[in-house]
Amino acid sequence: MKIAIIGIGAMGGAILKGYCKNGQFELLAMNPDNPRVTKLTNQMNIDLVNNSQAVVDSQPDAVILTTPAPVTVDAAKQLAGLSDHTFIISAAAGVSQAELKTVLPHLMIATIIPNTPVAVNAGTIGLAMPAGASEQQQQQIRELLSPLGDLIEVPEDQLDIVGVVGGCGPAFVDVFMDAMSDAAVLHGMNRQTAYQLVASMVKGSGTLATATKQAPALLRDEVTSPGGTTIRGVAALEKDGFRHAVIDAVDQSTK
């Protein structure tokens, strides 16, 4: 199965790296001439083309658009020669399926909001399925995207909040991890060990939440013994407004 990725910026490059690590698909990259992109695709031994007609001629099974939103509809228009079996998957925030359908009415179009951990196959990907897609077509789209990370299927009008929580959230977690590392250093741990410890803790907590599907509050309850060390720390977080700070960060990012 062949996937063409159009627009090899930060997100396009991350998606390309994730697919390259997975090794499951034949890949084609398209980007205007750019030394950085040429170097990246050469390192990964991926074919690179510089125009849309070359993408059409290759007849991919799916095209992922990671172009800037203002040029995405025009970029899609140049793909009108694609055969009916090709899926279009757009990662351009704010560009709707309906807008893309105006220039590609014969193709199935899904919209996604991924985050950069797709580069290591650990992404969080908001996915709005194409209107009218059959169950078989939806399953094909899942199979195309699942190697990049977790798929969170939502109505298209909820992709923006997925983008904030999934896309901005890693930066918020990084701030939290940095603060936790400072606390460990304050208590005598060396910096690199502190980073390793905190990163492992965050990874494990996320993995446990994903695997058990339990509410975060229930997982918290499992480690907060009456009068114990953890509940004292939780109480300090509440006193210092941690929960409000997180909600406010998400709220501010939506604006």
Side-chain angles (χ1 to χ4, degrees), residues 3 5-7 9-12 14-15 18-19 22 61-70 72-73 75-76 86-102 104-105 107-173 202 205-219 243 246-255:
I3 299 175
I5 301 167
I6 297 182
M11 185 54 67
I15 290 172
Y19 277 130
N22 174 259
D61 298 285
V63 174
I64 300 180
L65 293 169
T66 54
T67 46
T72 294
V73 173
T86 306
F87 292 107
I88 300 294
I89 301 171
S90 172
V95 179
S96 69
Q97 295 177 12
E99 289 176 276
L100 293 169
K101 271 289 190 181
T102 63
L104 296 173
L107 298 179
M108 280 285 173
I109 299 171
T111 40
I112 63 172
I113 297 292
N115 60 6
T116 52
V118 295
V120 291
N121 311 100
T124 302
I125 305 162
L127 166 63
M129 286 292 186
S134 67
E135 182 53 44
Q136 180 182 7
Q137 290 168 324
Q138 291 183 42
Q139 187 57 33
Q140 286 177 289
I141 292 170
R142 294 184 189 106
E143 290 171 1
L144 283 165
L145 294 172
S146 59
L148 298 175
D150 295 328
L151 303 181
I152 312 296
E153 295 186 33
V154 295
E156 192 176 21
D157 62 5
Q158 291 181 15
L159 282 178
D160 285 346
I161 189 60
V162 171
V164 170
V165 175
C168 304
F172 305 158
V173 173
V202 170
S205 298
T207 300
L208 181 63
T210 300
T212 64
K213 296 182 172 58
Q214 288 192 47
L218 296 178
L219 294 173
R243 185 186 300 269
V246 172
I247 294 170
D248 194 37
V250 172
D251 188 49
Q252 291 299 319
S253 296
T254 64
K255 300 173 183 177

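When reading the values below, keep in mind they use all heavy atoms of this one structure, side chains included, and skip hydrogens, waters and symmetry mates.
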- Can you find a heavy atom in the side chain of R142 that is under 4.5 Å from one in the side chain of M129? yes

- Query: Less than 4.5 Å apart, any side-chain heavy atom of M11 and any of V118?
  - Reply: yes

Nearest 0.5 Å, what's the [atom1]-[atom2] distance between [X] and [Y]?
{"X": "Q138", "Y": "Q140", "atom1": "CD", "atom2": "CD", "value": "11.0 Å"}
{"X": "L219", "Y": "T212", "atom1": "CG", "atom2": "OG1", "value": "4.5 Å"}
{"X": "R243", "Y": "D248", "atom1": "CZ", "atom2": "CG", "value": "14.5 Å"}
{"X": "I141", "Y": "F87", "atom1": "CD1", "atom2": "CZ", "value": "5.0 Å"}
{"X": "I113", "Y": "I161", "atom1": "CD1", "atom2": "CD1", "value": "11.5 Å"}

- Item | Contacts of type side-chain contact (heavy atoms from CB on, under 4.5 Å), residue V154, not counting sequence neighbours | I152, Q158, L159, V162

- Residues that S253 engages under side-chain contact (heavy atoms from CB on, under 4.5 Å), provided they are two or more places apart: V164, C168, F172

- Passes side-chain contact (heavy atoms from CB on, under 4.5 Å), T254 versus D251? Steps please. CA-CA 5 Å; T254 64; D251 188 49; 4.0 Å; yes

- Tell me the side-chain hydrogen bond (donor to acceptor under 3.5 Å, both in side chains) pairs involving residues 119-134, sequence neighbours left out? S134-Q137

- Just by modelled atom types, is the T66 backbone N or O under 3.5 Å from a matching donor or acceptor in the S90 side chain? no

- Determine the sole option in I89, I88, L65, V63 for which the side chain to side chain contact (heavy atoms under 4.5 Å, CB included) test with I109 is passed. I88

- Query: Within a radius of less than 6.0 Å around CD of Q136, do more than 12 heavy atoms belonging to other residues, nucleotides or ligands occur?
  - Reply: no

